[in-house]
Amino acid sequence: MRAQVVLNFATEFENYRDFKPGDYQAPALATMLDQVIAWSAALAPLRAEQVPA
């Protein structure tokens, strides 16, 4: 994945627990999540071929 998002605990989390990213993070987060979904779909056949141990 190429997209990266820096999430600061002091500014992106409420009470250091609840995820509350700023609006300025939305485009980067959307890009990163789109890439995660694309990689997940691309690697799904490899996961399906694995034989349980």
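- Between Asp23 and Pro27, the closest heavy-atom pair is O-CD, 3.9 Å.
- Paired with Trp39 under the rule side chain to side chain contact (heavy atoms under 4.5 Å, CB included), one option of Ile37, Leu43, Val36 passes, and it is Leu43.
- Between the side chain of Asn15 and the backbone N or O of Arg17 there is no donor-acceptor pair closer than 3.5 Å.
- Within a 6.0 Å radius of OH in Tyr24, more than 12 heavy atoms belonging to other residues, nucleotides or ligands are found.
- Cluster membership check: Phe9 shares its hydrophobic cluster with Leu29, using side-chain heavy-atom separations under 4.5 Å among Ile, Leu, Val, Met, Phe, Trp and Tyr.
- Heavy-atom minimum distance, Arg2 versus Gln35: N-OE1, 3.0 Å.
- Taking OG1 from Thr11 and CD from Gln25, the interatomic distance works out to 7.5 Å, rounded to the nearest 0.5 Å.
- Using modelled atom types, no side-chain atom of Glu12 and backbone atom of Phe19 make a donor-acceptor pair closer than 3.5 Å.
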